[in-house]
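Okay, structure first, notes after.
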Amino acid sequence: VEAELVAWMTETPWQFDDARFEALALDLFAIQFSECPPYAALCRSLGRTPENVTQFQRIPPVPAGAFKEFPLRCFPEEQTIHRFRTSGTSSDRRGVLELDTLALYEASLLSSLRALWLTDLTGQKPVMRFLAASPEEAPDSSLSHMFGTLAQAEGGEGSGFDLVCGELRLDDLMRAVKQAQAEDKPLCVAGTSFAFVHFLDGTAGDPEVFWRLPAGSRLMETGGFKGKSREIPREALRKALGQRFGLAESHIANQYGMTELGSQFYDSTLIDPRGPRRKLGPPWTRVRLIDPITSEEVEHGEAGLIVIHDLANSGSVAAIQTADLGRHVEVDDGPAGFDVLGRAKGAEARGCSIAVDVMLEASRRTVSARQAQGPTKSGPVEKRS
Amino acid sequence: MSGLEIRWPDESGERVRAARGRLEIAKRALAAWPLEERLAAVAEVLADWTRADSPWRRELAISFAEASPFSLGTVSEGLDAALRAWDPACLIDCARRELAPVLENDTLRLAEFDCTAVLAGGALPMPTLLSSLLPLIVGSPVLLRESSKDRVTASLLARSLAARDERLARAFEFLNFPSSDEVALTAFLEAPCVVATGTGETLASVSSRLTQQQRFVGYGHRFSIGIVGAAQPADLEHFAHGFALDTARWDQSGCLSPVVIYLLGLSAADQLRFASACSDALEALSQDMPPGTRSSEEMSGTATERAEAEMRVASGRGALFAGQSSTVVLEADSQPRPAPLHRFLRLMPVATIADLGSALSPFRGVLSNAAIAGLSEAESAEVGHLTSRHDVSRITKPGRLQTPPVDWPHDGMPLLTPLCRFVQSD
């Protein structure tokens, strides 16, 4: 399956083939059911096994939070060659994606970046600056790994990382901007949303940091703010970045991804600047939106919880239920996509009670000394419809 | 058409200043009123709200249910239970207790604040009612900024004050303006005494805007817990019903709502029995107290937590009772987990009181009330000490979490003394 997937990932242009996706998804489901005991237990409890699942939509998704609690891998632990960890935005426990090979992971991320973000700059070796920690500094960050892989494969001389020991160092970025302007060559800048907010705040009022990047330059921001900066609505961030870098908003793309996924999704604006902004992904992924009550797929236009079937997750679980809400976006002449509406916040505090993460925020302050208690005896499942 | 556009950028600020001006005049009459008589008058207003056939409470229930996401059944039951637990005689006793130095000692007198600004938060009516009435007892007029989620309670309270005594009515003003209205907020926070309810961030933000000369009384966001021991296994269903009522009230959205119940030393079979009973009771309560409306985000929060629980249960960790209107998760451990609220109850086993202490330690400072049941006398005493060390301000029984008496020391503070100053004359 992995060989077939790598072959698919290296095809250009991309081939969207539903039958091919379904066949590979079902094959992968059978493998993951067989090799990943916690996933198999979930599937059995839902009565959905490779024997009775014949459509990829019926493959049970695991909640993304399960990566914090279970070793969701399809190979023996000793074969793990790399671990990516979530940033721990909602608890002290961090989700872990274990990999026994980076080949598929890197093939997937490079293919998507080339097709949806680099587009015409693929193979041109533009200079890339990353407002993120380097892979050496943050070896368990999937984002740093992605940027490192991209820089190695597609970055020109002068590419590098501008977040060092948690500090934004802008000298190299400023040098790269001046060089790009002098040579009239496009510059690519990518980073976390909160790093861009720090950049905007830290350089506010500095007339030297009010650039006009050469044509073809582009910017990519990703991830949430994670309490590491003030929060800005995505549209406002895009507008502010457009003004500061002198870029059309079509050339500022948001990436939607998560540590638990091998593939990422990008704003459509670089390949379809006239169409509505929407997230697009590679052919080996499918996005379903489900009703939070019934788990059935929502009608087009309605908001639903985002479920991603990502065949690049061959070594863990390919079907993942996120905690994010989304909406399908159809267009007349172009690929359909989806909008990310935000994170499922759980309950807003109506009275003075504490919602969702606040309990965990409280625990984060003092939990370091405390060890999680061992499990006690458990009871059976009882579900009511 | 002249095309002339008249702008009044600080209209809300002007309204705040005008209200402050009116309250300044009202304060003279309020302060001239003997303390005991003022106390009696406020207690009568409270009685108007708490008596069995209170028209104010009835009107509030209907108006509030229409304007809020809660169902009428939940609002009516919640208001009846909470307000009927407020005994006006208890308020009088509490005031006499707290203000005894003034009432019984000629050398001390009360120096009331010229105005108390009350920044209401959340969407439950009870805190708005009480925090508006208390300053009046100590002779300070009240300027209330309504919560954005409750535009009903203040106007009804104003009418009830007017129906009882004109002096009280004149000493109470309410208004609303957005938090982003800096001019209005600045004028509002110039009051010598400020009472605020909100998140830690809100309280810190308000506090940072005040001078050292101003009095600040802040009530933060907290949550309540339950603790069930193994001493009375025959009563588990009874306890479960009480906790289900505490959870269903106000759809679990107040600081008095239980978010987690710790099962202290219960056998696996009893844990399961209790979880099942909680679920049954919650579902039964939804007949008369239907859950309110929820946003997509709120529904998704529940769905996400249910899905994660389902995954754990499939691997033999805990049990999930996913009902139509509620969720009960029996966890296999006592790790902190998110609380999606909206009748989502977690039950966490702990083997010993020491383990309970470890489980509670992350929550020091954010606990409100604790309901305990099924503990031996010795355990009760030990748990009482333990919870008070974690800032729990009231220990009660299942079914009573949401109905504290009027003199409950909210967030561990006395009711009236934080709202006034004492002056001594030698």
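Computation of the quantities below employed the complete heavy-atom set of this structure, encompassing side-chain atoms and omitting hydrogens, waters and symmetry-equivalent molecules. Just so it is clear: chains get the letters A, B, ... in the order the sequence lines come, proteins before strands, and each one is counted from 1.
Between B:Glu297 and A:Leu341, the closest side-chain pair of non-hydrogen atoms is not below 4.5 Å.
When all heavy atoms of A:Ile293 and B:Arg294 are compared, the closest pair comes out as CD1-NH2, 3.5 Å. Residues A:Ser45 and B:Ala314 approach most closely at OG-CB, 3.7 Å, considering heavy atoms. B:Ala303 and A:Gln321 make their closest contact through O-NE2, 4.2 Å (heavy atoms, listed as atom of the first residue, atom of the second, distance). Heavy-atom minimum distance, A:Pro38 versus B:Ser315: CA-OG, 3.8 Å.
Heavy atoms of A:Glu69 lying under 4.5 Å from chain B belong to its backbone as well as its side chain. Residue A:Ile306: no heavy atom, backbone or side chain, is found under 4.5 Å from chain B.
The CG atom of A:Leu305 sits 9.5 Å away from atom CE of B:Met299, with the distance rounded to the nearest 0.5 Å. Atoms OH and CE, from A:Tyr39 and B:Met311 in turn, are 8.5 Å apart once rounded to the nearest 0.5 Å. The line from CG of A:Leu325 to OG of B:Ser300 is 3.5 Å long, rounded to the nearest 0.5 Å.
With sequence neighbours excluded, the residues forming a side chain to side chain contact (heavy atoms under 4.5 Å, CB included) with B:Thr403 are B:Ala81, B:Ala85, B:Arg249, B:Arg400, listed by chain and number. Residues that satisfy the ring pair (Phe, Tyr, Trp, His ring centres under 6.0 Å) test with B:Tyr219, not counting sequence neighbours, are B:His410.
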